[in-house]
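Notes to accompany the following structure.
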Amino acid sequence: MLSNRVSSITPSYTIGISSKVSEMKASGIHVLDLSIGEPDFNVPYDAKYSGINSLNKNLTKYNMVPGLKILRDEICNKLLNENNCNYYTDEIVVSSGAKHCITNTLLALTNPEDEILLPKPYWVSYPEIIKLVNAKPIFIDSKKENNFKITPNDLIPYITPKTKVLILNNPSNPTGAIYTKEELISIVDFCIKNSIYILADEIYEKICFDNNFVSVASISESAKDITITVNGFSKSVAMTGLRLGYSASNKTIAKAISTIQGHLTSHPSLTAQYIGYGALKNCSNDINIMVKEYKSRRDLICDKINSIPYIDYIYPNGAFYVFIDLSSISKKFNFEESFSIKFCDRLLKEYSVAVVPGIAFGMDNYIRISFACSDNIFLEGLNKLNQFISDIMD
Ligand code: PMP
Ligand code: GLU
């Protein structure tokens with residue numbers, strides 16, 4: 001009865017676990033939730049005020065498909081001042097979250113069966129969005145020694161005449177790894193030579209602990225021309241439920257994205273757009289405070305993980321996740337299939353700690369923990385993880 005399209009995709013693990021946690025909490029169970037990547041901060045006051053003000057002025061009618069002009073102008077200012085990228089207003093399309101931007105972009109760029117290069121580990125929704133638009137995910141392996149950051153050499157074996165787009169998530173969910181400028185230059189050169197677009201998902205750009213973030217589109221004019229930068233407000237200003245993101249690309253692609261959006265949603269909620277506008281205009285101090293807090297959590301969580309035996313992890317330079325390698329443990333279970341799901345199910349059922357199985361990111365020997373929650377929660381959660389590991393290993 002249903003389409004082949006829908007039968008080829010799986011529901012989101014991250015959203016699924018989060019719903020399970022909510023059910024457990026509703027039935028009175030105390031769950032330590034280290035699963036979803038959702039900031040535990042509130043939307044800053046000045047951003048909210050901008051939305052409330054717009055409602056009081058009855059700014060609630062249909063508006064421009066690619067987004068409010070004042071918001072797109074402000075996004076251009078931000079891209080110029082913070083990312084060193086010079087965009088015009090008509091090169092920006094504002095959508096209902098970064099997920100929506102990614103879907104619009106792939107709808108605009110791909111034909112059925114076109115191949116999208118997807119480095120592993122990948123954020124959970126990329127392969128499913130790729131399949132939804134009838135394109136084909138091509139999974140790219142890379143080296144743990146390089147924090148799973150890809151190099152052109154990793155891409156070479158996968159290039160075919162159907163290769164259309166590379167998805168580059170920087171900083172990475174789930175590893176927190178950040179590409180250096182030199183690494184980006186080599187990837188950009190390779191993509192230009194092979195006529196491959198880069199979808200640069202930079203949604204964690206603000207959550208970067210050493211001030212070393214470089215936007216792909218800032219590398220050169222030709223880099224900018226092949227790059228569709230995706231960003232959003234969910235992580236930087238905790239606007240997860242308000243659903244707001246944007247893409248920046250060349251005019252032709254932006255126009256195509258806007259045409260698609262015009263038929264699907266028209267434009268994102270106007271109130272959310274005013275809140276986003278307020279966030280860009282007035283909330284850089286609030287953002288700095290949140291990032292400082294994430295950094296101190298990163299230091300604390302890594303110290304704690306260092307004391308847990310049998311596990312290893314990728315040291316996160318950005319975002320709010322730790323990607324933990326459980327190979328020494330799964331070895332004891334003969335690397336059984338769906339190991340990470342079984343591990344996480346037991347951790348949740350027996351120890352009331354929620355984390356995301358690595359299989360959601362294409363790596364079954366891993367789990368991901370999020371530190372977008374208070375110190376108390378992740379420290380207690382890690383104590384229980386330690387207990388679980390010693391129960392199954394010792
Ligand atoms: N990209 C990455 C890498 C993410 O982790 C997420 C999760 N929020 C998104 C995109 C989607 O974000 P949004 O809430 O803006 O749709
Ligand atoms: N991106 C976040 C995560 O990976 C939020 C959930 C989602 O949209 O997948 O946990």
Side-chain angles (χ1 to χ4, degrees), residues 5 62-80 83 85-112 114-118 123 125-137 163-170 191 195-203 205 215-218 221-234 239 242-270 272-273 276-277 280:
R5 180 185 298 114
Y62 285 138
N63 206 287
M64 297 171 82
V65 166
L68 278 169
K69 179 154 180 335
I70 51 161
L71 173 58
R72 285 180 295 139
D73 286 346
E74 204 49 45
I75 290 170
C76 289
N77 286 339
K78 179 252 178 250
L79 289 169
L80 184 62
N83 306 89
C85 299
N86 197 356
Y87 281 100
Y88 294 100
T89 311
D90 59 357
E91 295 176 319
I92 310 296
V93 181
V94 183
S95 304
S96 304
K99 268 182 196 174
H100 187 203
C101 300
I102 296 164
T103 312
N104 281 345
T105 302
L106 294 184
L107 280 172
L109 292 181
T110 61
N111 290 313
D114 275 351
E115 296 175 359
I116 317 286
L117 304 176
L118 192 53
W123 171 54
S125 288
Y126 294 141
E128 312 310 303
I129 297 175
I130 293 170
K131 287 185 268 172
L132 271 178
V133 305
N134 285 336
K136 214 168 142 190
T163 309
K164 196 68 174 277
V165 183
L166 162 70
I167 297 189
L168 202 65
N169 179 208
N170 181 39
C191 288
S195 306
I196 300 168
Y197 290 110
I198 301 179
L199 192 165
D201 181 345
E202 301 185 347
I203 194 163
E205 153 217 37
S215 257
V216 176
S218 72
E221 269 308 303
S222 22
K224 190 176 143 218
D225 201 46
I226 60 155
T227 299
I228 302 87
T229 305
V230 168
N231 208 326
F233 296 79
S234 289
M239 279 175 56
L242 292 168
R243 315 302 308 126
L244 198 69
Y246 58 89
S247 61
S249 59
N250 70 39
K251 277 192 201 348
T252 313
I253 298 174
K255 194 165 169 221
I257 292 174
S258 180
T259 303
I260 290 165
Q261 176 155 299
H263 290 294
L264 294 182
T265 54
S266 297
H267 57 73
S269 146
L270 212 58
Q273 293 191 61
Y277 172 73
L280 285 180

| message | Within the 4.5 Å heavy-atom criterion, are Gln273 and Asn63 side-chain neighbours or not? | response | no
| Is it true that atom NZ of Lys78 has more than 12 heavy atoms of other residues, nucleotides or ligands lying nearer than 6.0 Å? | yes
| Is it the case that more than 12 heavy atoms not belonging to Lys131 sit under 6.0 Å from its NZ atom? | yes
| If you measure from OH on Tyr88 to SG on Cys76, what distance do you get to the nearest 0.5 Å? | 10.0 Å
| request: Mind checking the OG1-CD spacing from Thr89 to Glu74? Nearest 0.5 Å is all I need. | output: 10.5 Å
| field | Leu264 side chain reached by Thr103 side chain, heavy atoms, under 4.5 Å | value | no
| query | Per the side-chain contact (heavy atoms from CB on, under 4.5 Å) rule, which among Ile130, Leu117, Ile198 passes with Ile167? | reply | Ile130
| Stepwise side chain to side chain donor-acceptor pair (under 3.5 Å) check, Glu205 with Ser215 | CA-CA 8 Å; Glu205 153 217 37; Ser215 257; 5.2 Å; no
| Ile257 side chain reached by Ser247 side chain, heavy atoms, under 4.5 Å | yes
| said: Using only atom types and a distance under 3.5 Å, with no angle test, would you say the side chain of Arg243 pairs donor to acceptor with the backbone of Gly97? | reply: no
| query | Counting distance only, does the side-chain N/O of Gln261 pair as donor-acceptor with the main-chain N or O of Gly67 below 3.5 Å? | reply | no
| field | Non-hydrogen atoms of Tyr87 and Thr229 that approach each other most closely | value | OH-OG1, 3.9 Å
| Test item: Asp201 and Tyr126 side chains (from C-beta on) under 4.5 Å apart, heavy atoms | yes
| said: Using every non-hydrogen atom in the two residues, find where Asn111 and Lys164 come nearest and quote the distance to one decimal. | reply: ND2-NZ, 4.3 Å
| query | What distance separates Tyr277 OH from Leu270 CG, expressed to the nearest 0.5 Å? | reply | 13.5 Å
| query | Okay, side chain of Ser258, backbone of Ala254: is any donor-acceptor separation there less than 3.5 Å? | reply | no
| said: For a quick test of reading the model, state the closest non-hydrogen atom pair linking Thr110 to Leu106 and the distance between them. | reply: OG1-O, 2.6 Å
| Looking only at heavy atoms, what is the nearest atom pair of Ser249 and Ile228, with distance? | CB-CG1, 4.0 Å
| field | Side chain proximity check, Leu280 to Leu71, heavy atoms < 4.5 angstrom | value | yes
| message | Under the rule for side chain to side chain donor-acceptor pair (under 3.5 Å), what residues qualify as partners of Lys224, not counting sequence neighbours? | response | none
| Qualifying salt bridge (charged side-chain N to carboxylate O under 4.0 Å, His left out) pairs with a residue from residues 86-97, counting only residues at least two apart or across chains | Asp90-Lys251, Glu91-Lys251
| Backbone N or O of Ile253 within a donor-acceptor pair of the Asn250 side chain at under 3.5 Å? | yes
| Inter-residue atom distance Ile260.CD1 - Thr105.OG1, 0.5 Å rounding | 8.5 Å
| field | Working for side chain to side chain contact (heavy atoms under 4.5 Å, CB included), residues Leu109 and Leu199 | value | CA-CA 10 Å; Leu109 292 181; Leu199 192 165; over 6 Å; no
| field | Atom of Leu244, atom of Gly276 and distance for their closest heavy-atom approach | value | CD2-CA, 3.8 Å
| Below 4.5 Å, heavy atoms only, C-beta onward: do Trp123 and Ile203 meet side chain to side chain? | no
| note | Tightest non-hydrogen contact, residues Leu168 and Val216, listed as CD2-CG2, 4.1 Å
| field | Ser218 and Asn83: side chain donor to acceptor below 3.5 Å | value | no
| task | Assess whether side chain to side chain contact (heavy atoms under 4.5 Å, CB included) is satisfied between Arg72 and Val94, documenting all intermediate values. | result | CA-CA 7 Å; Arg72 285 180 295 139; Val94 183; 3.7 Å; yes
| field | NZ-CD1 distance between Lys69 and Ile92, expressed to the nearest 0.5 angstrom | value | 11.5 Å
| field | Distance in Å, Ile116 CD1 paired with Lys136 NZ, rounded so as to fall on 0.5 Å steps | value | 11.5 Å
